[in-house]
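Below: the structure, in structure tokens.
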There are 2 protein chains.
Amino acid sequence: MSTSSAPVRMTRQRAAVADALEGTDEFRSAQQLHETLRTRGDAVGLATVYRTLQALVDGGEVDVLRTEDGESLYRRCARREHHHHLVCRRCGRTVEIDGPTVEAWAAMVGAEHGFGEIEHTVELWGTCRDCREA
Amino acid sequence: MSTSSAPVRMTRQRAAVADALEGTDEFRSAQQLHETLRTRGDAVGLATVYRTLQALVDGGEVDVLRTEDGESLYRRCARREHHHHLVCRRCGRTVEIDGPTVEAWAAMVGAEHGFGEIEHTVELWGTCRDCREA
DNA sequence: CAACCGGCTGAGAATCGTTGTCAACTTCAG
DNA sequence: CTGAAGTTGACAACGATTCTCAGCCGGTTG
Ligand SMILES: [Zn+2]
Ligand SMILES: [Zn+2]
Ligand SMILES: [Zn+2]
Ligand SMILES: [Zn+2]
């Protein structure tokens, strides 16, 4: 089996995007990252930012989640294993969450109703202390 | 206090949309509903379908959830109280789920990290038996 | 029953995040 | 150093949803 994946090249742009993600602990949108890079004088085309983020997501390097109004937010999480998030809807600050209970619950409920290939979406939104006091 | 809510009028269009929702047990997109109505010879403008659905959602009459690719799906659920869904990603068939465990878990995790105004998104996706055998 | 006020409708334009296009450019194996 | 092939970026294209606004119609009044 040869999945003949195209060779991946290291470019200034990819390094820049990866770096911007390393530089923060919060979930950021593609546009925010694009702006950050531009300001930092390390400009990268918006399309490239999107492409790079998508690649990182596909490679499991980065997590994505969609805002209530449909915008995608990206974050370089500490652990690569499956986990969930508690995100500040104001500033993006994030806490990685483990939910063994939820995992079992989801799988069980799915099977219980004859559904297969079960997947689950579990995200928590709130307002962090700092944002609440601001 | 006068929340002076504007009077709501019953129109052919609103009745049609409401009826289309009654007619199915599955999560449907605004466009699907619009098409259904058109076919049924009970045409309603797409904008009106969207407006009506939004109103129903605001009134807690209908539940919404977003597809993985950002499309909104609507469904007239049996219970008005908070609950979750196990949805067939193929046909939209849905099972309403109760997750007392999850409710408590979400609230606890949020408070535990000093976040306020906690909200949670918990949806289960799978493939129903019929769709799997097709 | 007719007149009216104001909410409602719909065709089409406008949004907006995201993806597709494609010629010019850059990486890197040989 | 060279050439083949992956990358880039300005800009067009998309697709779901929302906005506009002139014309329409529900329902209340007299
Ligand atoms: Zn915050
Ligand atoms: Zn999980
Ligand atoms: Zn199904
Ligand atoms: Zn819940």
Side-chain angles (χ1 to χ4, degrees), chain A residues 2-21 27-59 61-75 89 92, chain B residues 2-21 27-59 61-75 89 92:
Chain A
S2 56
T3 352
S4 67
S5 55
V8 177
R9 291 183 188 169
M10 185 44 57
T11 63
R12 173 184 69 77
Q13 293 84 342
R14 286 178 183 170
V17 172
D19 189 65
L21 282 168
F27 267 97
R28 315 284 307 286
S29 71
Q31 317 232 20
Q32 288 179 315
L33 291 167
H34 172 256
E35 178 57 20
T36 296
L37 292 172
R38 201 180 61 63
T39 302
R40 173 194 296 190
D42 206 358
V44 172
L46 182 55
T48 299
V49 172
Y50 274 109
R51 276 186 299 241
T52 304
L53 287 173
Q54 193 49 61
L56 290 172
V57 169
D58 292 344
E61 299 277 320
V62 164
D63 280 13
V64 220
L65 56 80
R66 325 252 321 193
T67 265
E68 193 164 334
D69 44 272
E71 193 176 18
S72 292
L73 302 182
Y74 306 83
R75 177 177 192 269
R89 63 171 74 78
Chain B
S2 56
T3 351
S4 66
S5 54
V8 178
R9 292 186 188 168
M10 185 45 57
T11 64
R12 173 184 69 75
Q13 292 84 341
R14 286 178 183 171
V17 172
D19 189 65
L21 282 169
F27 266 98
R28 315 283 310 283
S29 71
Q31 317 233 17
Q32 287 179 315
L33 291 167
H34 172 256
E35 178 57 19
T36 296
L37 292 172
R38 200 182 61 63
T39 302
R40 173 193 296 190
D42 206 359
V44 172
L46 182 55
T48 299
V49 172
Y50 274 109
R51 277 185 298 239
T52 304
L53 287 173
Q54 193 49 61
L56 290 172
V57 169
D58 292 345
E61 301 276 320
V62 164
D63 279 15
V64 220
L65 56 79
R66 324 261 308 201
T67 265
E68 195 163 334
D69 44 89
E71 193 175 18
S72 292
L73 302 182
Y74 306 82
R75 178 177 191 268
R89 63 170 75 77

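Just so it is clear, the model here is predicted, and its values are computed rather than measured.
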Nearest-Å distance for atom pair [atom1]/[atom2], residues [X] and [N]:
X       : N      : atom1 : atom2 : result
A/Arg12 : D/dT7  : CZ    : C1'   : 12 Å
A/Asp58 : C/dT18 : CG    : C1'   : 15 Å
A/Asp69 : D/dT17 : CG    : P     : 13 Å
A/Glu68 : D/dT17 : CD    : C1'   : 15 Å

Does [X] place a side-chain N or O at less than 4.0 Å from the phosphate oxygens OP1/OP2 of [N]?
X       : N      : result
B/Arg14 : C/dT9  : yes
B/Arg66 : D/dT17 : no
B/Thr11 : C/dT9  : yes
B/Gln54 : D/dT17 : no
B/Ser72 : D/dT17 : yes
A/Gln13 : D/dT7  : no

Q. When A/Tyr74 is tested against each of A/Val17, A/Asp63, A/Val62 for side chain to side chain contact (heavy atoms under 4.5 Å, CB included), which residue passes?
A. A/Val62
Q. Near DNA chain D, which residues from residues 31-51 of chain A have a heavy atom under 4.0 Å away?
A. A/Val44, A/Gly45, A/Ala47, A/Thr48, A/Arg51
Q) Got a donor-acceptor contact below 3.5 angstrom from the B/Arg28 side chain to the B/Leu21 backbone? A) no
Q. So how far is it from B/Arg51 CZ to B/Leu46 CG, rounded to the nearest 0.5 Å?
A. 9.5 Å
Q: Return the 5'-most residue of the pair B/Leu73, B/Val8 with respect to DNA chain D, ranking by each residue's nearest nucleotide.
A: B/Leu73
Q: For residues A/Thr48 and A/His34, determine if any side-chain heavy atom of one lies less than 4.5 Å from a side-chain heavy atom of the other.
A: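 Not touching, per the 4.5 Å side-chain cut-off.
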Q) Is there side-chain contact between A/Arg12 and A/Val44, with heavy atoms separated by less than 4.5 Å? A) yes
(Q) Tell me the closest heavy-atom pair linking A/Ala16 and A/Leu37, and the distance in Å. (A)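 Result for this residue pair: O-CD2, 3.6 Å.
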Q: Specify the closest pair of heavy atoms between A/Arg9 and A/Arg14, including all atoms of both residues, with the distance to one decimal.
A: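 Heavy atoms of A/Arg9 and A/Arg14 come nearest at O-NH1, 3.0 Å.
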Q | Donor/acceptor link under 3.5 angstrom from B/Arg9 side chain onto base of D/dG27 | A |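 There is none.
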